[in-house]
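Computed from a predicted model, the values in this text were never measured in an experiment.
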Amino acid sequence: MTILIAHLGPPGTYAEQAAFFYLNWLKKMPGVEASLCPYPTIAQSLQAVATNQAQLAVVPVENSIEGSVSMTMDTLWQLETLQIQLALVLPISHTLISCADSLERIQTVYSHSQALAQCQGWLGQFLPNVNLIPSNSTAEALQGLKQEVTTAAIASSRAAQLYNLPILATGINDYPDNCTRFWVISHSQKDAGVQISSRAIAPTHTSIAFSLPANLPGALAKALQVFAHLGINLSRIESRPTKRSLGEYLFFIDIEASATQVQTALSELSNYTEIIKVFGSYSVTLIDNF
């Protein structure tokens with residue numbers, strides 16, 4: 001059995017790091033072979049699973065500093081049959097990588113928009129006049145960095161080692177307890193080879209999204225009251241535009257219960273919503289314990 005794991009590339013991204021830890025666990029299973037497949041964007045990683053080019057994808061969904069990753073949520077809503085198998089929490093420590101001989105020489109800093117935002121305080125203090133340019137991933141700019149002595153990139157220390165590049169500063173994220181939650185996504189929970197990814201751990205969370213039939217007073221409150229009345233805790237709720245009309249939103253919710261435990265709530269919720277999508281029930285694992 002060979003399992004292909006899609007992730008945001010190129011090599012050296014935090015998504016690859018999370019996928020690498022997951023790959024190492026899969027390889028411990030008898031008869032299982034697994035390899036990583038980098039893609040230019042998060043959306044393409046998920047589309048690879050939807051079109052059967054890969055069996056799994058590891059994608060970021062939420063950062064403790066900058067919040068949710070909108071591309072992941074929007075793509076999950078758009079694609080059918082994708083299911084969350086597991087959540088991985090990866091501690092994030094950013095480094096400034098450059099061939100410049102000092103901070104004063106740096107004129108431009110590249111990184112993913114989330115990483116730039118997570119380091120905005122440090123950048124404002126030590127590099128207040130540089131140009132900040134978002135890239136598709138934290139590792140994208142590293143490939144040509146050796147030829148640019150006035151350019152720097154924000155990525156992991158592991159990425160610097162992979163590309164044999166010098167580190168000018170470490171731990172530059174504004175908050176030390178920085179972490180990103182990743183989802184391991186499959187085409188469906190019945191896919192061959194994916195059942196082993198659940199690790200036989202009882203699911204503790206369920207993620208769903210729904211749209212409302214009309215933008216009326218109390219429409220969202222009625223939907224959320226379903227969970228309150230049943231004593232079910234919600235650990236995250238976030239709105240995203242439906243992209244149909246200004247003022248129309250989708251609501252993404254993480255529930256601290258398995259799908260079986262919230263079955264009654266989901267049935268009642270259908271009375272107050274237009275469309276409900278259940279992305280799956282899963283357990284949460286710290287990368288350090290993986």
Study note, to complete from the structure: Besides Leu96, the hydrophobic cluster formed by Ile, Leu, Val, Met, Phe, Trp and Tyr side chains linked at under 4.5 Å, directly or via other members, contains Leu103, Ile106, Val109, Leu116, Trp122, Leu123, Phe126, Leu127, Val130, Leu132, Ile154, Leu168, Ile172
Check your understanding: Which other residues belong to the hydrophobic cluster containing Tyr110, where Ile, Leu, Val, Met, Phe, Trp and Tyr are joined when side-chain heavy atoms lie under 4.5 Å apart, directly or via other members?
Key -> Ile133
**Study point:** Sequence neighbours excluded - side-chain hydrogen bond (donor to acceptor under 3.5 Å, both in side chains) pairs with any residue from residues 36-46
**Key:** Thr41-Gln44
Practice item. Return the set of residues passing side-chain contact (heavy atoms from CB on, under 4.5 Å) with Ile97 (not counting sequence neighbours), or none when no residue passes. Key: Thr95, Leu142, Leu145, Ala155, Ala160, Leu165, Ile167
Point to revise | Set of side-chain contact (heavy atoms from CB on, under 4.5 Å) partners for Gln107, sequence neighbours left out | key: Thr150
Sequence neighbours left out, cut at 3.5 Å: what donor-acceptor pairs do the side chains of residues 3-14 make with other protein atoms?
from, atom 1, to, atom 2, distance (Å)
Thr13, OG1, Leu8, O, 2.6
Thr13, OG1, Glu16, N, 3.0
Tyr14, OH, Ser93, O, 3.2
Tyr14, OH, His94, ND1, 2.9
Tyr14, OH, Ser156, N, 3.4

Taking only residues two or more places apart in sequence or in another chain, which ones pass salt bridge (Lys or Arg N to Asp or Glu O under 4.0 Å) with [X]?
X: Arg181; answer: Glu62, Asp254
X: Glu80; answer: Lys277
X: Glu274; answer: Arg244
X: Glu238; answer: Arg236

Exercise for review: Please collect all salt bridge (charged side-chain N to carboxylate O under 4.0 Å, His left out) contacts where either partner lies in residues 102-118, sequence neighbours excluded, each pair once.
Suggested key: Asp101-Arg105
**Study point:** Donor-acceptor pair between Asn63 and Gln118 side chains, under 3.5 angstrom
**Key:** yes
**Study point:** Inter- and intrachain pairs under ring-ring contact (aromatic ring centres under 6.0 Å, His included), touching residues 201-228, at least two apart
**Key:** Phe210-Phe251
